[in-house]
*Asks:* 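Quick one: the structure is below, questions incoming.
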Amino acid sequence: MKSVILSCVLPVTVAVAAPLGLVGKAFGAEPDKQFFRSVEGKWVGPGEIIAGKYKGTKFTCNFNGSTPDGKVGMTLDGDCRVGMFTQKMSASVERKGREGYKGNFMGGSSGNGLDIIGGNVVDPQKVVFTINRNQLNGVMQARIPDDNSMTVTVAVRVDKQLVPVIGMSLKRVDTVEVGSIAKN
């Protein structure tokens, strides 16, 4: 699965333009924590490769969302399945002081994935992270329109335009209560 996703994403590196230039905004930690807390729990749902060599490939994912103790950030960890093949999938990000958000998708560029090099929580329902691997630049966006659904989109920059390459529509499958109540 990893090679399927990356083989659709990485070939566009030839056509990639300048870096995105998105930088983490100076938001207070509380709105960010509110968003990340809403990611906690079990998520399942379908996804699709939207562009590239494997355009139209459909897959199903299972993730566990968690937040690090005493830090601002999140991890979505699990796997995605195409037919009878299953591939581990993960994304992890933490606020690193003034450096903003840093993390990785699929092990980062030192592995087979992408580095998360910046980004910000736009509002309590949406986060956008800047992703990079060599000359490949793009964004990973997670949107949580309600307590029980999340959409994740990965897009890359091609000729000064963001092109979506991976999309997922996830549903919460546990009974985690979300909201403004602090964890014990």
Side-chain angles (χ1 to χ4, degrees), residues 1-2 5 9 20 22-47 59-80 87-133 137-155 164-184:
M1 179 68 190
K2 183 175 5 180
I5 291 173
V9 173
L20 286 174
L22 288 178
V23 285
K25 294 183 181 177
F27 283 104
E30 211 41 53
D32 292 17
K33 285 181 183 178
Q34 181 181 354
F35 173 84
F36 294 129
R37 271 186 248 140
S38 69
V39 173
E40 292 177 346
K42 295 187 185 300
W43 299 88
V44 299
F59 52 91
T60 302
C61 298
N62 296 291
F63 293 111
N64 288 312
S66 62
T67 54
D69 290 334
K71 298 179 182 177
V72 179
M74 70 175 194
T75 297
L76 278 176
D77 191 30
D79 56 56
C80 293
Q87 175 65 48
K88 182 169 175 36
M89 298 283 281
S90 67
S92 185
V93 65
E94 281 185 17
R95 184 157 191 80
K96 301 288 186 179
R98 293 182 181 197
E99 295 177 42
Y101 287 100
K102 304 286 183 198
N104 66 71
F105 173 64
M106 298 293 297
S109 63
S110 62
N112 293 318
L114 301 158
D115 293 325
I116 297 173
I117 59 172
N120 66 305
V121 175
V122 176
D123 60 43
Q125 297 174 317
K126 182 178 175 183
V127 67
V128 179
F129 294 117
T130 308
I131 55 176
N132 173 269
R133 180 183 178 102
N137 296 288
V139 296
M140 179 185 313
Q141 173 182 295
R143 196 166 131 307
I144 303 177
D146 60 59
D147 291 347
N148 296 309
S149 61
M150 175 177 12
T151 58
V152 178
T153 305
V154 176
V165 292
I166 300 171
M168 289 180 265
S169 180
L170 306 170
K171 296 290 181 193
R172 184 182 301 279
V173 293
D174 60 7
T175 57
V176 171
E177 293 292 327
V178 295
S180 60
I181 300 172
K183 289 171 54 175
N184 291 334

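What's counted below: heavy atoms across the whole structure, side chains too, no hydrogens, waters or symmetry copies.
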*Asks:* Do Asn64 and Lys42 touch side chain to side chain, with heavy atoms closer than 4.5 Å?
*Replies:*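 Yes. Closest side-chain heavy atoms under 4.5 Å.
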*Asks:* Which word best sums up how the rings of Phe129 and Phe36 line up, parallel for under 30°, tilted for 30 to 60°, or perpendicular for over 60°?
*Replies:*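 Rings of Phe129 and Phe36: parallel, as their planes differ by under 30°.
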*Asks:* Please find the pair of heavy atoms, one from Gly45 and one from Leu170, that lie closest to each other, and give the distance.
*Replies:*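 Taking Gly45 first and Leu170 second, the nearest heavy atoms are N-CD2, 3.7 Å.
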*Asks:* From Cys61 SG over to Met168 CE, what is the distance, rounded to the nearest 0.5 angstrom?
*Replies:*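 One gets 5.0 Å once the value is rounded to the nearest 0.5 Å.
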*Asks:* One pair to check against side chain to side chain contact (heavy atoms under 4.5 Å, CB included): Tyr101 and Val72. What are the steps and the verdict?
*Replies:* CA-CA 9 Å; Tyr101 287 100; Val72 179; 3.3 Å; yes
*Asks:* Does some side-chain heavy atom of Ile116 sit less than 4.5 Å from a side-chain heavy atom of Ile131?
*Replies:*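 Yes - at least one pair of side-chain heavy atoms lies under 4.5 Å apart.
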*Asks:* Between OG of Ser92 and CZ of Phe105, what distance do you get to the nearest 0.5 Å?
*Replies:*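 CZ of Phe105 is found 12.5 Å from OG of Ser92.
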*Asks:* Looking at Ile144 and Met150, what are the two nearest heavy atoms and their distance?
*Replies:*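 Looking at all heavy atoms of both residues, the shortest contact is CG1-CG, 3.9 Å.
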*Asks:* Minimum heavy-atom separation for Asn148 and Trp43, please, with both atom names.
*Replies:*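 Looks like C-CZ3, 3.9 Å.
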*Asks:* Drop me the distance from Asp32's CG to Asp123's CG, to the nearest 0.5 angstrom.
*Replies:*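 Reported to 0.5 Å precision, the distance equals 11.0 Å.
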*Asks:* For Gly41 versus Asp174, what's the shortest heavy-atom pair and its separation?
*Replies:*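 Answer, listing the atom of Gly41 first, then Asp174: CA-OD2, 2.8 Å.
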*Asks:* Hey, what do you get for CD (Gln125) to CD (Gln34), rounding to the nearest 0.5 Å?
*Replies:*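 Result: 9.0 Å between the selected atoms.
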*Asks:* Can you check salt bridge (charged side-chain N to carboxylate O under 4.0 Å, His left out) on Asp115 and Lys102, steps first, answer last?
*Replies:* CA-CA 8 Å; Asp115 293 325; Lys102 304 286 183 198; over 6 Å; no
*Asks:* Could you state the interatomic distance from CG (Asn120) to NZ (Lys126), rounded to the nearest 0.5 Å?
*Replies:*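 Nearest 0.5 Å value for the CG-NZ distance: 9.5 Å.
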*Asks:* Under the side chain to side chain contact (heavy atoms under 4.5 Å, CB included) rule, what do Arg133 and Leu114 come out as? Steps first, then yes or no, please.
*Replies:* CA-CA 5 Å; Arg133 180 183 178 102; Leu114 301 158; 3.4 Å; yes
*Asks:* Within the structure provided, determine whether Cys80 and Phe63 are in side-chain contact (heavy-atom separation under 4.5 Å).
*Replies:*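 Cys80 reaches Phe63 side chain to side chain.
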*Asks:* Return the minimal non-hydrogen interatomic distance between Arg172 and Asp147, and the atom names on each side.
*Replies:*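 Looking at all heavy atoms of both residues, the shortest contact is NE-O, 2.7 Å.
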*Asks:* Tell me the closest heavy-atom pair linking Ser110 and Gly107, and the distance in Å.
*Replies:*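 Between these two residues, the closest heavy atoms are OG-O, 3.7 Å.
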*Asks:* Taking the side chain as C-beta and beyond, is there a heavy-atom pair between Thr67 and Glu40 under 4.5 Å?
*Replies:*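 Counting from C-beta outward, Thr67 and Glu40 do come under 4.5 Å.
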*Asks:* Might you work through the side chain to side chain contact (heavy atoms under 4.5 Å, CB included) test for Arg95 and Lys71, ending with a clear yes or no?
*Replies:* CA-CA 7 Å; Arg95 184 157 191 80; Lys71 298 179 182 177; over 6 Å; no
*Asks:* If we only count heavy atoms from C-beta on, is the Val127 to Met140 side-chain gap below 4.5 Å?
*Replies:*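 Of all side-chain heavy-atom pairs linking Met140 with Val127, none is under 4.5 Å.
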*Asks:* Once rounded to the nearest 0.5 Å, what's the spacing between atom CG of Asn112 and atom CD of Gln87?
*Replies:*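 Here the interatomic distance stands at 8.5 Å.
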